[in-house]
Amino acid sequence: MDNKVWTLVRTLFVAVLVISVATLGVAAVVGGNWVVWLRAAAVAAASVWLVALAGQAARGRRSAYVRIRFVTLAAPVGIALIILAPDSGYPGWMKVEQGVIGVLVAAVAVTVNRRAVREAFPKRGKLG
């Protein structure tokens, strides 16, 4: 397995972390409501976890890879719902921020769901 894939994945997850921490900073300046604080903190915590999972997947751990695949397929759906919900409690600037995060996470989903990456993590019992 090419480690360039996992370097890219880690870089994208670190970008999500940086953006979510910046969002906490913006919320501190402009006075975000509890929904903003909770979402930004949860995304920051999740991105730390995802960076760690990317490291484990780079070392060949299938369970980490499966978790990354699940999260990166589910998260953009949740983000789309946040963006489209008319009365979600999220200000417009945060919906834009979530859209950027959604694009980054979707890029990870595309990367980790490529055939070559999937084949590097066969299910148990499958030899080829």
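Just so you know, residue 1 is the first one in the sequence shown, and it goes up from there. Both backbone and side-chain heavy atoms feed into the values below; hydrogens, waters and symmetry mates do not.
Transitive grouping of hydrophobic side chains (ILVMFWY, heavy atoms separated by less than 4.5 Å) brings I101 and V108 into a common cluster. By the criterion of side-chain heavy atoms lying less than 4.5 angstrom apart, applied directly or through intervening Ile, Leu, Val, Met, Phe, Trp or Tyr residues, V18 is not grouped with V48; the two fall into different hydrophobic clusters. Taking hydrophobic clusters as Ile, Leu, Val, Met, Phe, Trp and Tyr residues chained together by side-chain heavy-atom distances below 4.5 Å, V96 does not share a cluster with V16. Follow the hydrophobic side-chain contacts under 4.5 Å out from V103 and you never reach V9; the two are in separate clusters. In the hydrophobic clustering of ILVMFWY residues, with side-chain heavy atoms under 4.5 Å counting as a link, V100 and M94 come out apart.
When all heavy atoms of A44 and S20 are compared, the pair lying nearest together is CA-OG, 3.2 Å. Shown here for V117 and V112, the closest heavy-atom pair between the two residues is CG1-O, 3.5 Å. Considering all non-hydrogen atoms of both residues, A64 and L53 come closest at CB-O, 3.5 Å. The two residues A58 and N3 have their closest heavy-atom pair at O-OD1, 3.9 Å. Nearest heavy atoms, V71 versus P76: O-CD, 4.2 Å. Residues L73 and A109 come closest through the heavy atom pair CD2-CB, 4.1 Å.
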(message) Does F13 form a side-chain contact (heavy atoms from CB on, under 4.5 Å) with T72? I'd like the steps, not just the answer.
(response) CA-CA 10 Å; F13 285 149; T72 60; 3.9 Å; yes
(request) Could you go through the side-chain contact (heavy atoms from CB on, under 4.5 Å) check for T11 and W6 one step at a time? (result) CA-CA 8 Å; T11 301; W6 296 109; over 6 Å; no
(request) Could you walk me through whether T111 and V5 pass the side-chain contact (heavy atoms from CB on, under 4.5 Å) test, one step at a time? (result) CA-CA 7 Å; T111 301; V5 167; 3.8 Å; yes
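Checked by atom type and distance alone, the side chain of N33 pairs as donor or acceptor with a backbone atom of G89 at under 3.5 Å. Using modelled atom types, no side-chain atom of R10 and backbone atom of V51 make a donor-acceptor pair closer than 3.5 Å. Judged purely by atom type and a 3.5 angstrom limit, W37 has no side-chain atom pairing as donor or acceptor with the backbone of L24.
Put simply, the side chain of W93 reaches to within 4.5 Å of the side chain of T23, judged on heavy atoms. Contact check for I19 versus L104: side-chain heavy atoms found under the 4.5 Å cut-off. Residues S88 and V35 have side chains not in contact (no heavy-atom distance under 4.5 Å, counting atoms from C-beta outward).
Atoms CG and OG1, from L12 and T7 in turn, are 11.0 Å apart once rounded to the nearest 0.5 Å. Of the inter-residue distances, the one linking K123 atom NZ with R118 atom CZ reads 11.0 Å to the nearest 0.5 angstrom.
Among residue pairs with one or both ends in residues 95-116, those qualifying as salt bridge (Lys or Arg N to Asp or Glu O under 4.0 Å) are R115-E119; sequence neighbours excluded.
Judged purely by distance below 3.5 Å, without hydrogens or angles, the side chains of Q98 and R39 pair a donor atom with an acceptor atom. Side-chain contact, N113 with R69: a donor N or O sits under 3.5 Å from an acceptor N or O.
Ring orientation note: the planes of F121 and Y65 are close to parallel, at an angle under 30° on the 30°/60° scale.
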